[in-house]
Amino acid sequence: IVIASRADPHVTLLHESLHALFDLSGLNMRLGTEREEDTLQSLDHLLLGWLRDNPQLIRYLLEA
């Protein structure tokens with residue numbers, strides 16, 4: 001899925017990665033295409049902003 005309206009390639013990468021995770025988890029089958037897309041469009045900018053605002057969280061999550 002290509003999201004032409006998204007100007008920020010970081011949002012696009014996160015959005016498409018979330019699609020892949022939904023596919024792997026089976027959530028896409030339970031939600032359906034339209035609900036999945038609506039859900040991801042609602043979350044992608046928020047999630048990226050949250051991650052950008054909390055870089056220490058990334059470091060913590062990646063600790064061994």
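Sequence positions, counted from 1, serve as the residue numbers for this chain.
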| Hydrophobic cluster membership, Leu24 vs Met29, 4.5 Å side-chain cutoff | no
| Are any of the side-chain nitrogens in Asp23 or Arg30 under 4.0 Å away from the carboxylate oxygens of its partner? | no
| request: Hey, could you give me the CD/OG1 distance between Glu34 and Thr39, rounded to the nearest 0.5 Å? | output: 10.5 Å
| task | Just do the side-chain contact (heavy atoms from CB on, under 4.5 Å) check on Leu40 and Glu36 with the steps written out, would you? | result | CA-CA 6 Å; Leu40 294 183; Glu36 176 185 359; 4.1 Å; yes
| message | Grouping I, L, V, M, F, W and Y whenever their side-chain heavy atoms are under 4.5 Å apart, do Leu13 and Ile58 come out in a common cluster? | response | no
| request: Check the hydrophobic clustering (I, L, V, M, F, W, Y; side-chain heavy atoms under 4.5 Å; chains of links allowed) and say if Leu46 and Leu51 are grouped together. | output: no
| said: If you compare all heavy atoms of Val11 against all heavy atoms of Leu48, which two are closest, and at what distance to 0.1 Å? | reply: CG2-CD2, 3.5 Å
| request: Dump the intermediate steps for side-chain contact (heavy atoms from CB on, under 4.5 Å) on His19 and Phe22, then the final yes or no. | output: CA-CA 5 Å; His19 272 299; Phe22 273 46; 5.6 Å; no
| Whether Asp8 side chain and His10 backbone form a donor-acceptor pair below 3.5 Å | yes
| query | Applying the 4.5 Å side-chain criterion to the ILVMFWY set and letting contacts propagate, would Leu14 and Leu62 be lumped into a single cluster? | reply | yes
| CG-CD distance between Asp44 and Glu37, expressed to the nearest 0.5 angstrom | 8.5 Å
| task | Flag yes if Leu57 and Leu43 sit in one hydrophobic cluster, no otherwise; membership is Ile, Leu, Val, Met, Phe, Trp, Tyr, and two members link when side-chain heavy atoms are under 4.5 Å apart. | result | no
| request: Tell me, with the steps shown, if Thr33 and Asn28 meet side-chain contact (heavy atoms from CB on, under 4.5 Å). | output: CA-CA 7 Å; Thr33 303; Asn28 62 329; over 6 Å; no
| message | Other residues, nucleotides and ligands only: do more than 12 of their heavy atoms fall within 6.0 Å of CD on Gln56? | response | yes
| task | Establish, from distance only, whether the side-chain atoms of His15 and Gln41 form a donor-acceptor pair under 3.5 Å. | result | no
| Any Leu18 side-chain heavy atom under 4.5 Å of Leu47 side chain | yes
